[in-house]
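A short worksheet on the structure shown next.
This is a predicted model, so every value here is computed, not measured. The sequence lines fix the lettering, A, B, ..., with proteins before strands; numbering per chain opens at 1.
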Amino acid sequence: MSRKARLQACLNTALTPMHLEVSDESHMHNVPEGAESHFKVLAVSEAFAGEKLIDRHRRVNALVRDELTDGLHALAIHAWTPQEWFDKGGGAAPASPECLGGSKQAS
Amino acid sequence: MDAVIERIDQQVNGHPVVIYMKGTPQMPQCGFSMRAAQALGDTGVAFAYVNVLQDPEIFENLPRYADWPTFPQIYIDGELVGGCDITLELAASGELKPMMESAAAKQESASSQGAA
């Protein structure tokens with residue numbers, strides 16, 4: 001199973017989102033093909049209602065902890081309630097920035 | 001507390017606003033760090049930065065300091081606010097600048113009381 005499929009399965013189960021978008025953005029970065037290192041998540045769920053942004057992000061990070069310790073290097077998170085998502089236009093997740101090479105700096 | 005955690009603690013509590021980033025605000029080395037530093041800069045409120053690529057010890061240990069797995073990390077008034085996505089959302093909703101201003105004012109009044 002790809003990391004994308006694992007992330008989708010895990011977040012679907014835990015958050016029962018009305019909308020979930022998991023994108024593998026590794027190709028935007030200076031990593032080998034198939035690295036599955038950089039991902040973006042848009043999760044729209046009532047489960048986030050009344051929760052601060054940092055707590056929503058902590059929850060998502062905790063759900064995917066095993067992936068983060070196993071090669072998942074970057075995870076952009078957009079965690080909104082359905083109302084917030086509608087207020088933002090109900091579209092796709094915001095575009096992630098271009099890579100500036102920092103993850104290769106150490107080598 | 002071990003030495004590096006103590007060092008992080010001093011940085012986080014010694015400045016109203018600190019960003020731990022890859023590169024510098026002038027020369028960011030990661031798109032997420034760039035956007036977050038830009039959002040802080042756009043408020044016009046002064047902030048401190050730590051280039052984690054120049055400090056392997058902090059790079060290794062910061063994730064366990066506040067149990068946050070990725071960079072950048074933004075601290076305001078001694079507390080983790082989040083990473084790039086949250087900082088941008090707070091900027092867009094207009095909350096970021098007042099948070100930074102109130103942290104700066106708090107630290108200024110604390111230091112002037114200390115001097116008196």
Side-chain angles (χ1 to χ4, degrees), chain A residues 7 21 23 25-31 37-43 48 51-81 83-85 87-89 93-107, chain B residues 12 19-39 49-60 62-96 99:
Chain A
L7 289 170
E21 192 183 305
S23 328
E25 299 190 319
S26 307
H27 62 277
M28 290 164 61
H29 300 269
N30 186 17
V31 292
S37 55
H38 292 66
F39 279 75
K40 175 169 72 177
V41 165
L42 165 62
F48 296 129
E51 203 172 34
K52 281 167 51 184
L53 284 177
I54 188 161
D55 296 325
R56 299 175 185 183
H57 283 229
R58 280 198 189 282
R59 187 188 329 204
V60 172
N61 281 329
L63 287 168
V64 305
R65 186 176 296 259
D66 289 350
E67 303 287 348
L68 282 163
T69 53
D70 184 31
L72 176 55
H73 171 82
L75 184 65
I77 301 172
H78 305 283
W80 298 326
T81 64
Q83 191 57 54
E84 289 165 347
W85 186 49
D87 290 348
K88 292 173 203 290
S96 294
E98 291 300 307
C99 175
L100 300 174
S103 53
K104 287 282 147 189
Q105 184 77 359
S107 57
Chain B
V12 162
I19 176 172
Y20 290 87
M21 63 183 291
K22 292 183 173 177
T24 67
Q26 293 72 32
M27 275 273 255
Q29 302 283 314
C30 155
F32 296 101
S33 288
M34 176 186 72
R35 280 193 181 173
Q38 179 104 49
Y49 72 88
V50 175
N51 179 357
V52 297
L53 296 175
Q54 294 291 326
D55 198 325
E57 203 183 35
I58 288 191
F59 183 80
E60 288 295 319
L62 187 64
R64 73 184 167 95
Y65 173 74
D67 188 26
W68 192 264
T70 51
F71 300 100
Q73 297 189 17
I74 292 83
Y75 291 79
I76 300 181
D77 195 18
E79 253 188 71
L80 177 67
V81 166
C84 170
D85 300 313
I86 293 182
T87 302
L88 262 55
E89 285 198 47
L90 292 172
S93 68
E95 292 165 80
L96 184 64
M99 282 169 74

At a heavy-atom separation under 4.5 Å, does A:K40 approach chain B through its side chain, its backbone, both, or neither?
neither
Non-hydrogen atoms of A:P97 and B:G31 that approach each other most closely:
CG-C, 3.3 Å
Mind ranking B:G23, B:P28, B:G82 by heavy-atom pairs under 4.5 Å with chain A and telling me who comes out on top?
B:P28
Considering residues, nucleotides and ligands other than A:E21, do more than 12 of their heavy atoms fall under 6.0 Å from its CD?
yes
With a cut-off of 6.0 Å (strictly less than), are more than 12 heavy atoms of other residues, nucleotides or ligands near CD of B:E79?
no
Could you tell me if the side chain of B:E95 sits less than 4.5 Å from the side chain of A:L53, heavy atoms only?
no
Do the side chain of A:R65 and the main chain of B:P69 share a donor and acceptor less than 3.5 angstrom apart?
no
At a heavy-atom separation under 4.5 Å, does B:L88 approach chain A through its side chain, its backbone, both, or neither?
neither
Let me know if A:S96 has heavy atoms under 4.5 Å from chain B in its side chain, its backbone, both or neither.
both
Check B:T70 against A:L68 and note the closest heavy-atom contact, atom names and distance.
CG2-CD2, 4.3 Å
Non-hydrogen atoms of chain B under 4.5 Å away: do they reach the side chain of A:R56, the backbone, both or neither?
neither
Rounded to the nearest 0.5 Å, the CE atom of B:M34 sits from the CG atom of A:L100 at a distance of 5.5 Å
CD1 on A:I54 to CD1 on B:I86, rounded to 0.5 Å:
5.5 Å
At a heavy-atom separation under 4.5 Å, does B:V52 approach chain A through its side chain, its backbone, both, or neither?
neither
